[in-house]
Amino acid sequence: MNRLRAGYCLWENAFNAHQRHYVSFEKCKVVVFWSKDPQALMPYLSEIEERGYQFYFHYTLNDYEREGLEPRLPKLAQRIATFQKLSERIGRHRVIWRFDPVILGETLTVESVLERIQRLAEQLAPCTEKLVFSFLDMYKKTANNLKRFNPFLRPPSKAEALRLAEGIARINRGLASPLTLSTCAEELDFSSLGIGQNRCVDPELLLRLCPTSPELRSAYAHRVSPRQGNLLSVAGADGCGGVKDRGQRSACGCAPSKDIGRYDTCMHLCVYCYANRSKTSAIKGINATDSNGERL
């Protein structure tokens with residue numbers, strides 16, 4: 001909030017600290033928040049709106065409580081209640097549910113994970129329009145942390161990923177209000193199951209939030225699909241495909257944006273995290289963060 005009020009922030013390359021520049025919010029239209037616990041931000045939503053910004057949330061809500069994979073998150077019931085409260089406050093189209101990542105091993109069988117997704121879906125479906133899921137990526141630091149915690153934890157195989165996708169599609173068909181289903185940055189194609197490939201920074205949603213913005217309409221209107229899942233486009237039917245952020249992974253469909261977050265600053269300490277090298281590095285990063293400073 002201090003950076004929004006100041007109107008700019010300092011960005012640093014996570015892989016090259018000497019590469020840094022300033023990001024101005026003067027022409028910012030939409031802020032996309034990723035969070036597993038947005039409670040601390042909720043009291044400021046009115047101020048963000050008053051400052052003229054549109055926004056939406058990717059809310060990651062997994063059920064790994066029994067395994068202890070997300071040790072510093074609030075209890076699952078509290079996170080569900082926060083999701084419901086946030087949706088009631090800003091609208092279900094602006095709170096996207098993520099079950100991310102899908103992890104297997106020991107108690108986490110395909111059947112067990114699907115049972116947990118179903119329990120969550122029954123509670124969250126009335127509060128969102130979309131479920132996005134992805135499978136565990138074994139970055140080097142992720143692999144090292146998982147090995148120390150539990151060497152049996154792993155990503156699904158291709159066959160297991162297909163069974164999971166089939167199960168999620170089956171669960172979705174049974175919901176009173178079926179969701180749009182998408183995977184995030186996955187090479188596997190589940191389109192035959194009605195599961196698309198997500199664009200987390202999504203031109204379709206940006207235009208829904210800012211339908212009269214000439215800048216966004218100029219950038220995106222002719223590039224979005226006339227239909228996304230079961231949602232009609234506001235952009236018209238004069239084209240499909242998407243404009244892609246070239247700085248992202250090859251399977252990522254996000255529109256161009258500026259990520260102003262910083263690695264090694266999250267104290268949730270999820271075991272599978274790719275953004276913290278270790279608990280020690282996260283504590284060091286938090287201690288080095290000045291809430292009145294120019295960077296997040």
Side-chain angles (χ1 to χ4, degrees), residues 14-15 34-39 58-80 82-83 97-124 131-168 171 183-188 190 195 198 200 249 251-252 261-287:
F15 306 103
W34 272 259
S35 183
K36 293 179 181 175
D37 181 23
Q39 291 185 86
H58 285 277
Y59 193 138
T60 300
L61 211 167
N62 304 321
D63 181 0
Y64 296 131
E65 204 164 44
R66 188 188 316 167
E67 290 73 23
L69 298 183
E70 301 166 329
R72 290 174 62 92
L73 283 175
K75 294 293 185 182
L76 180 61
Q78 183 178 340
R79 286 180 279 139
I80 292 170
T82 299
F83 191 107
W97 173 31
R98 300 178 73 94
F99 196 101
D100 177 19
V102 176
I103 303 173
L104 297 182
E106 294 190 318
T107 56
L108 294 170
T109 63
V110 170
E111 292 74 20
S112 168
V113 170
L114 288 174
E115 288 171 3
R116 299 176 196 209
I117 291 174
Q118 176 152 7
R119 285 196 298 269
L120 289 173
E122 290 168 352
Q123 298 176 79
L124 300 180
L131 165 59
V132 178
F133 63 96
S134 70
F135 306 115
L136 176 68
D137 287 313
M138 290 293 268
Y139 299 102
K140 184 176 180 180
K141 53 190 167 184
T142 302
N144 291 338
N145 290 335
L146 286 175
K147 185 177 180 180
R148 284 192 292 268
F149 183 81
N150 183 337
F152 296 102
L153 295 171
R154 59 178 178 82
S157 66
K158 285 187 178 181
E160 289 168 330
L162 177 58
R163 287 170 55 201
L164 285 158
E166 289 172 339
I168 291 171
I171 290 167
T183 58
C184 180
E186 292 292 341
E187 300 285 354
L188 297 173
F190 300 124
I195 300 173
N198 200 51
C200 301
R249 294 172 288 173
C252 174
R262 190 157 57 94
Y263 286 171
D264 290 321
T265 57
C266 181
M267 289 303 294
H268 289 152
L269 301 180
C270 300
V271 178
Y272 53 78
C273 181
Y274 67 88
N276 287 336
R277 285 170 291 173
S278 65
K279 178 179 179 179
T280 301
S281 66
I283 293 171
K284 182 179 178 181
I286 285 291
N287 289 338

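Bear in mind the structure is a predicted one, so any value in this text is a computation, not a measurement.
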Which residues pass the side-chain contact (heavy atoms from CB on, under 4.5 Å) test with [X], not counting sequence neighbours?
X      : result
Lys279 : Leu269, Ile283
Asn150 : Glu106, Phe152, Leu153
Val110 : Leu104, Leu114, Glu160, Arg163, Leu164
Pro38  : Ser35, Phe57, Tyr59, Thr82, Leu86

Does [Y] offer a backbone N or O that forms a donor-acceptor pair with the side chain of [X] under 3.5 Å?
X      : Y      : value
Asp63  : Leu76  : no
Asn276 : Ser281 : no
Glu67  : Thr107 : no

[X] [atom1] to [Y] [atom2] distance, which is reported to the nearest 0.5 Å:
X      : Y      : atom1 : atom2 : answer
Glu122 : Gln118 : CD    : CD    : 5.0 Å
Ile286 : Arg262 : CD1   : CZ    : 8.0 Å
Leu136 : Asp100 : CG    : CG    : 9.5 Å
Lys75  : Ile80  : NZ    : CD1   : 13.0 Å
Leu131 : Thr183 : CG    : OG1   : 10.5 Å
Lys36  : Glu70  : NZ    : CD    : 5.0 Å

request  = With sequence neighbours excluded, tell me which residues meet ring-ring contact (aromatic ring centres under 6.0 Å, His included) with Tyr274.
outcome  =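 Tyr274: ring-ring contact (aromatic ring centres under 6.0 Å, His included) contacts with Tyr139.
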query = Who pairs with His58 by ring-ring contact (aromatic ring centres under 6.0 Å, His included), at least two apart in sequence or on another chain?
reply =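 By the ring-ring contact (aromatic ring centres under 6.0 Å, His included) rule, His58 matches Trp34, Tyr56.
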Shortest non-hydrogen separation from [X] to [Y] and the atoms involved:
X      : Y      : result
Cys270 : Pro71  : CA-CD, 4.1 Å
Ile103 : Leu108 : O-CB, 3.5 Å
Arg98  : Cys184 : NH2-SG, 3.1 Å
Met138 : Leu146 : SD-CD1, 3.8 Å
Glu65  : Arg79  : OE2-NH2, 4.4 Å
Gly68  : Phe149 : O-CZ, 3.8 Å

request  = Would you check, one step at a time, whether the test side-chain contact (heavy atoms from CB on, under 4.5 Å) holds for Asp264 with Arg277?
outcome  = CA-CA 7 Å; Asp264 290 321; Arg277 285 170 291 173; 2.8 Å; yes
ask   = Which residue pairs pass the ring-ring contact (aromatic ring centres under 6.0 Å, His included) test with at least one member in residues 61-80, sequence neighbours excluded?
value =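 Sorted result for residues 61-80: Tyr64-Phe99.
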Contacts of type side-chain hydrogen bond (donor to acceptor under 3.5 Å, both in side chains), residue [X], not counting sequence neighbours:
X      : value
Gln123 : none
Gln78  : Gln39
Thr142 : none
Thr109 : none

note = Residues passing the salt bridge (Lys or Arg N to Asp or Glu O under 4.0 Å) test with Asp37, sequence neighbours excluded, are none
task = Indicate yes or no: at least one non-hydrogen side-chain atom of Tyr272 is less than 4.5 angstrom from one of Asp137.
result = no
query = Can you find a pair of side-chain heavy atoms, one from Ile117 and one from Ile168, that are under 4.5 Å apart?
reply = yes
ask   = For Leu73 and Asn62, what are the C-alpha separation, side-chain angles and deciding distance, and is it a side-chain contact (heavy atoms from CB on, under 4.5 Å)?
value = CA-CA 11 Å; Leu73 283 175; Asn62 304 321; over 6 Å; no
message = Applying side-chain contact (heavy atoms from CB on, under 4.5 Å) to Leu162 and Glu166, what does each step give before you reach the verdict?
response = CA-CA 6 Å; Leu162 177 58; Glu166 289 172 339; 3.8 Å; yes
